[in-house]
Amino acid sequence: LVFHWPTVLSMAWAFFRQPVPLLSSVSLLQFVAELLIFDMLLRAARLVAILLHEGSHLLAAALLIRGYTREDRAAADNFEVSPPLRQLVRQLAPGTLAGGACIKLPDHATKAATHSELAAVQFAGLAFSIALLLPFLWVEFMLAALPDGQLSHSVEALASSTLWRISELGVFLAAAGSVLSDLPGGPLLGLRPPLGCFCCGNWGLIVPRDALAEKNGGQTNELFPDLCARLLASILDVVELRGGQAGGFLSYLGEGGRVFTMCSRTVKSKRGHLGQMIFQRFKKQLSYSYWGRFLSTRRLRPLPVVLAQGHSRFGTSSSPAENETHPHQWLGSQQETVWRCELSSGRWFKEDATVCVTITHNGDFDAWELYGSMVPNGTLGEWLARVMHHRNTAKGDSPKLAGVMDLLVCQGRWVASVRYAFVHVVMQHINQATGWEPLVPEVSTNAVPQMTFFEELAGLLDRTFAEMLDARPEFAPTQEGIFALAAVAFESLKNGMSKGTQNELQTWEVTDEIFQAFCTSAC
């Protein structure tokens, strides 16, 4: 509180330095004026010390991190809040909360740096802030240790001046902030968490079943091994500190020749144990699903690898209801034709597969940039409902992220690729999804072409790709190869699409140039 609100120190100085107004002869106006001036000067001293602290980070990065250039230093963000003038007002205006300003190194520089280099850059700021405090501590020590008159009059006069006290307090606040931010786990350039340190509500495991035999009494054929459930429940006891009101997880099983996704979500009862409730419910669902398929050809069976992906949460961005609990999906499981390429032989083949994008997510997803503008989370949900032709009723931010991933994950999938190309090339504004009406729940209009439009174009692209592979089995998805495929696809789609699809493209004012870019994006 004191670091982010220096006014606490200013008020303490004002009250202890002189009697309180109304109880003395000091005028209220004079008292308030001196308090405001002291607070502003204290904030200025604190800000200067913080900027020197951040400058030491930059200097250490320039000296230690390979590839950290002058352009990188110019590109570093001086403040996390923009514009800088607003941040300057927040830092200096008396009485306001003033967060610690920080400089961010470019992502490529921090990724390229070693653990020891990042540690050195991190502690450079802490060391500098402590070093900056040492002269003030030395003067205070000398004043306390030496008898009166032993120090020079100039030093005593300086140490007793108000400006010296302001500078001392400002440097002390900056040093205290650097201790909070630059020690391991701090919010700036903190060290990577040590192994075994659980820092969020995401959790899970991946383990080959053969490795479980020794620890699981020789059993490897359980649909979801009890050993894995116990291990994850013990992890959840730790991670529950991050989120304990609701949780869920999913795992994957075989179903005939396909992969089946089993997802379970639970809201904890008042005196319940979240880990136990999650796995008890999961095992019930698993039992129902298994016996429901027992006499069919789609009987559930264990896969060679056990994979679990889970999350526990508090009701922050939305209420702790099952619908708001992770894991999140937007479209859910779908049967699609997927193209794959064997890395060893370079051979292409396609197969019917279950496609399901599922996320567990920590952090904020407040907006996403579309067509040059940041689209707020709520509006993004309405846009996704029309583009994907599927609505998700959850109110939190993570379901929208799942919808965005459904839009972006399209490699090897022609329907998803065509939809992405339409959104990326043909659409130019979010309100086109509603025929230029407002993107709100009350407006039911959906001007985005129906799925049959995307499926028809995807079918033509699929046939074109198969014909190209017949002619060029060694096809590689290089830039040259993709441009060649797009050129063939342009002619194939122009000549093969139905009249209804042609009319839809005319409605969206798709010229030959736009359609060529559309084909390239889809390919």
Side-chain angles (χ1 to χ4, degrees), residues 248 250 261 263 265 311 313 315-319 321-336 354-361 363-410 413-458 500-501 504-505 507-508 510 518 521-522:
L250 62 83
T261 305
C263 182
R265 299 188 287 188
H311 183 278
R313 68 185 292 261
T316 52
S317 62
S318 57
S319 62
E322 280 188 29
N323 192 39
E324 304 291 341
T325 300
H326 302 239
H328 281 294
Q329 301 168 350
W330 190 277
L331 290 178
S333 296
Q334 303 174 92
Q335 295 301 315
E336 294 188 28
T354 304
V355 177
C356 183
V357 176
T358 307
I359 70 160
T360 57
H361 166 244
D364 296 325
F365 186 61
D366 296 328
W368 193 48
E369 186 173 355
L370 273 171
Y371 312 117
S373 300
M374 297 304 295
V375 180
N377 184 277
T379 305
L380 179 62
E382 293 298 319
W383 181 81
L384 284 169
R386 289 159 176 82
V387 168
M388 309 301 288
H389 290 283
H390 182 83
R391 180 173 292 276
N392 189 308
T393 58
K395 297 179 181 178
D397 55 351
S398 297
K400 280 75 170 181
L401 182 57
V404 169
M405 295 303 295
D406 265 318
L407 176 65
L408 299 181
V409 178
C410 50
R413 305 162 55 206
W414 280 118
V415 174
S417 297
V418 169
R419 179 173 53 209
Y420 170 81
F422 188 88
V423 168
H424 182 64
V425 176
V426 178
M427 295 183 70
Q428 300 295 317
H429 194 279
I430 59 169
N431 283 352
Q432 286 179 288
T434 52
W436 300 104
E437 294 187 59
L439 261 173
V440 292
E442 294 77 20
V443 175
S444 60
T445 305
N446 189 355
V448 178
Q450 295 297 312
M451 288 303 299
T452 52
F453 169 86
F454 298 122
E455 289 165 356
E456 179 185 334
L457 294 179
T501 299
E504 187 73 58
L505 291 174
T507 301
W508 285 84
V510 178
F518 167 84
S521 178

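On a predicted model such as this, the values are computed, not experimentally measured, just so you know.
- Here the closest heavy-atom approach between residue Val443 and residue Glu437 is recorded as CG1-OE1, 3.7 Å.
- Under the 4.5 Å side-chain criterion, counting only non-hydrogen atoms from C-beta, Val415 is not in contact with Leu457.
- Ring orientation note: the planes of Trp436 and His429 are tilted relative to one another, at an angle of 30° to 60°.
- Between the side chain of Ser521 and the backbone N or O of Phe518, no donor-acceptor pair lies under 3.5 Å.
- Of all heavy-atom pairs spanning Met388 and Gly403, the tightest one is CE-O, 4.4 Å.
- With rounding to the nearest 0.5 Å, the separation of CG in Asn392 from CG in Leu331 is 9.5 Å.
- In this structure, the side chain of Glu369 does not engage the main chain of Met374 through any donor-acceptor pair within 3.5 Å.
- At least one donor-acceptor pair closer than 3.5 Å links the side chain of His390 to the backbone N or O of Trp330.
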Worksheet item: Is there a side chain to side chain contact (heavy atoms under 4.5 Å, CB included) between Cys356 and Gln329 once you walk through the steps?
Response: CA-CA 8 Å; Cys356 183; Gln329 301 168 350; 3.3 Å; yes

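- The structure places NE2 of His311 at 6.5 Å from OG of Ser398, a figure rounded to the nearest 0.5 Å.
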Item to complete: Using the side chain to side chain contact (heavy atoms under 4.5 Å, CB included) rule, take Cys410 and Arg419 through it: C-alpha gap first, then chi angles, then the decisive distance, then the call.
Response: CA-CA 9 Å; Cys410 50; Arg419 179 173 53 209; over 6 Å; no

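- A distance-only check finds a donor-acceptor pair linking the side chain of Asn446 to the backbone of Arg386 [under 3.5 Å].
- For the residue pair Ala447 and Gly435, the shortest heavy atom distance occurs at CB-N, 3.6 Å.
- If you take CG on Leu370 and CD on Gln428, they are separated by 11.5 Å, rounding to the nearest 0.5 Å.
- Of all the heavy atoms in Thr501 and Glu456, the pair that sits closest is OG1-OE1, 2.6 Å.
- A salt bridge is defined here as a Lys NZ or Arg NE, NH1 or NH2 lying under 4.0 Å from an Asp or Glu carboxylate O, and Glu322 with Arg265 fails to meet this definition.
- For the residue pair Thr354 / Gln335, a side-chain donor-acceptor distance below 3.5 Å is found, with atom types taken as modelled.
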Practice prompt. Given side chain to side chain contact (heavy atoms under 4.5 Å, CB included), test Ile359 with Met405 step by step and report yes or no.
Written response: CA-CA 9 Å; Ile359 70 160; Met405 295 303 295; 4.3 Å; yes

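- Proximity of Tyr371 to Val423: side-chain heavy atoms (C-beta onward) are separated by under 4.5 Å at one or more points.
- In this structure, NE2 in His328 is found 8.0 Å from CG in Asn323, a value given to the nearest 0.5 Å.
- Side-chain atoms of His389 come within 3.5 Å of backbone atoms of Pro449 as a donor-acceptor pair (strictly under, hydrogens ignored).
- Ser417 contributes a side-chain N or O that, together with a main-chain N or O of Arg413, makes up a donor-acceptor pair within less than 3.5 Å.
- Contact of the Val375 side chain with the Leu439 side chain is not registered, since no non-hydrogen atoms from C-beta on lie closer than 4.5 Å.
- Taking the six-membered ring where the residue is Trp, Phe365 and His361 present perpendicular rings, their angle passing 60° and hence far from 30°.
- When ring centroids are compared, Trp414 and Phe454 stay outside the 6.0 Å threshold.
- Note on ring orientation: taking the six-membered ring where Trp is involved, the planes of Trp383 and Trp368 are tilted (angle from 30° to 60°).
- With values rounded to the nearest 0.5 angstrom, Leu384 atom CG is found 7.0 Å from Leu407 atom CG.
- Of the inter-residue distances, the one linking Asp406 atom CG with Thr358 atom OG1 reads 8.5 Å to the nearest 0.5 angstrom.
- Val409 and Ala416 make their closest contact through O-CB, 4.2 Å (heavy atoms, listed as atom of the first residue, atom of the second, distance).
- Judged by distance alone, with hydrogens and angles left aside, the side-chain atoms of Glu382 form no donor-acceptor pair with the main-chain N or O of Gly378 at under 3.5 Å.
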Practice prompt. Decide yes or no on side chain to side chain contact (heavy atoms under 4.5 Å, CB included) for Val426 and Leu505, but give the supporting numbers first.
Written response: CA-CA 9 Å; Val426 178; Leu505 291 174; 5.6 Å; no

